[in-house]
Amino acid sequence: LHLALHVAERFVATLHAIERDVVRLEVKLRKALENDEILSLLEQQKRLVQLDTALTANQLVLERAMHDPQLDLSEADRVLVEDVLVELRQAGTMTRTKKEMLGETMDALATVVSNNLNVAMKQLASLTLLVALPSLLAGLYGMNVAMPFAHEPRAFLGVLLVSAGVVAILGFVLRARRWL
């Protein structure tokens with residue numbers, strides 16, 4: 001029974017170590033979203049699941065032992081078993097709470113990563129549009145068909161100025177919408 005009490009105390013100590021690791025990883029994640037930190041958080045989540053399973057199994061064993069007439073526990077032993085069960089229940093509650101919090105943290109992290117990806121894709125689409133429009137205008141004007149002002153000596157400069165104007169206006173609109 002003393003060994004079971006010591007095991008329950010070690011479970012609580014392990015929970016505190018996991019909590020410290022999770023806090024350290026969350027601080028690292030705020031600085032840089034790297035796969036290593038995300039994978040470490042997943043590892044901590046696995047550890048919490050394993051702890052929860054072990055705590056539940058230990059609690060069941062002690063509850064059965066307490067009510068087993070063949071063991072013939074003394075009143076002092078029953079008090080000790082109750083103390084160990086209380087310790088295991090508290091550790092189980094802490095484990096489930098930390099597991100839920102870590103799950104919510106992982107969900108929030110997934111949302112942040114998804115949002116960052118959306119922002120990056122929006123910026124790339126905006127830059128692609130800014131690069132494609134001058135190419136489109138130059139391509140249209142460079143076709144082998146009759147175009148207005150095609151025989152003017154400054155037609156190329158006109159196409160450049162129109163392209164620059166369109167890109168500047170589009171860039172202004174995209175920046176006003178916070179896409180750039």
Side-chain angles (χ1 to χ4, degrees), residues 1-131 171 173-180:
L1 293 176
H2 289 287
L3 179 63
L5 182 60
H6 181 70
V7 167
E9 290 169 352
R10 292 297 302 152
F11 275 125
V12 172
T14 302
L15 282 172
H16 290 301
I18 289 172
E19 180 66 22
R20 282 191 305 273
D21 289 346
V22 168
V23 168
R24 181 184 48 79
L25 289 169
E26 286 174 352
V27 168
K28 278 180 144 181
L29 277 172
R30 285 190 182 100
K31 294 178 183 173
L33 291 175
E34 295 291 328
N35 289 338
D36 293 340
E37 284 81 12
I38 295 170
L39 293 174
S40 295
L41 281 176
L42 285 173
E43 186 63 35
Q44 297 301 329
Q45 202 168 25
K46 286 180 193 175
R47 287 176 66 192
L48 286 171
V49 169
Q50 292 167 347
L51 276 175
D52 190 29
T53 304
L55 285 167
T56 303
N58 286 355
Q59 187 176 343
L60 287 173
V61 167
L62 283 177
E63 284 173 352
R64 285 184 186 160
M66 186 162 170
H67 300 296
D68 190 350
Q70 293 176 352
L71 289 179
D72 192 33
L73 295 175
S74 68
E75 190 59 34
D77 288 341
R78 287 187 183 279
V79 169
L80 186 56
V81 169
E82 281 295 327
D83 289 346
V84 173
L85 282 172
V86 166
E87 200 64 36
L88 287 174
R89 286 183 191 119
Q90 287 177 345
T93 302
M94 287 173 55
T95 301
R96 285 184 286 285
T97 302
K98 289 182 188 313
K99 189 170 59 170
E100 288 174 15
M101 287 173 49
L102 188 55
E104 290 173 10
T105 299
M106 294 294 287
D107 290 344
L109 178 62
T111 302
V112 167
V113 168
S114 177
N115 187 44
N116 288 346
L117 179 63
N118 288 342
V119 168
M121 292 305 292
K122 209 172 8 174
Q123 289 174 342
L124 287 174
S126 299
L127 291 173
T128 302
L129 191 58
L130 287 175
V131 170
V173 169
L174 292 174
R175 183 156 302 269
R177 290 186 179 210
R178 299 179 130 195
W179 282 29
L180 281 178

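Numbering starts at 1 and runs along the sequence shown.
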For this session: Could you tell me which non-hydrogen atom of Leu73 sits nearest to which non-hydrogen atom of Met66, and how far apart they are?
Result: CD1-CA, 3.9 Å
Problem set entry | Euclidean distance, Leu71 CG relative to Arg64 CZ, rounded to 0.5 Å | 13.0 Å
Exercise. Is it true that atom CZ of Arg175 has more than 12 heavy atoms of other residues, nucleotides or ligands lying nearer than 6.0 Å?
Worked result: no
For this session: Can you measure from CG (Leu60) to CG (Leu85) and round to the nearest 0.5 angstrom?
Result: 10.0 Å
Seminar exercise, completed: When rounded to the nearest 0.5 Å, the distance separating NZ of Lys99 from CG of Leu102 is 10.5 Å
Exercise. Are side-chain heavy atoms of Asn58 and Leu62 found at a separation under 4.5 Å?
Worked result: no
For this session: Taking all non-hydrogen atoms of both residues into account, name the closest pair between Gln123 and Leu180 and its distance.
Result: O-CD2, 4.3 Å
For this session: Under the side chain to side chain contact (heavy atoms under 4.5 Å, CB included) rule, what do Met121 and Leu117 come out as? Steps first, then yes or no, please.
Result: CA-CA 6 Å; Met121 292 305 292; Leu117 179 63; 4.2 Å; yes
For this session: With rounding to the nearest 0.5 Å, note down the distance linking CG in Leu127 to CG in Leu174.
Result: 8.5 Å
Exercise. Taking only residues at least two apart or on different chains, which pairs with a member in residues 67-82 satisfy salt bridge (charged side-chain N to carboxylate O under 4.0 Å, His left out)?
Worked result: none
Validation: residues 6-25 side-chain donor-acceptor distances under 3.5 Å, sequence neighbours left out:
| from | atom 1 | to | atom 2 | distance (Å) |
| --- | --- | --- | --- | --- |
| Thr14 | OG1 | Arg10 | O | 2.8 |
| Glu19 | OE1 | Lys98 | NZ | 3.4 |

For this session: Could you grab the distance from atom CD of Gln90 to atom CE of Met94, nearest 0.5 Å is fine?
Result: 8.5 Å
For this session: For Gln50 and Arg47, run side chain to side chain donor-acceptor pair (under 3.5 Å): C-alpha distance rounded to whole Å, both residues' side-chain angles, the deciding distance at 0.1 Å, then the answer.
Result: CA-CA 5 Å; Gln50 292 167 347; Arg47 287 176 66 192; over 6 Å; no
For this session: Nearest 0.5 Å please: distance from the CG atom of Leu48 over to the CD atom of Glu43.
Result: 10.5 Å
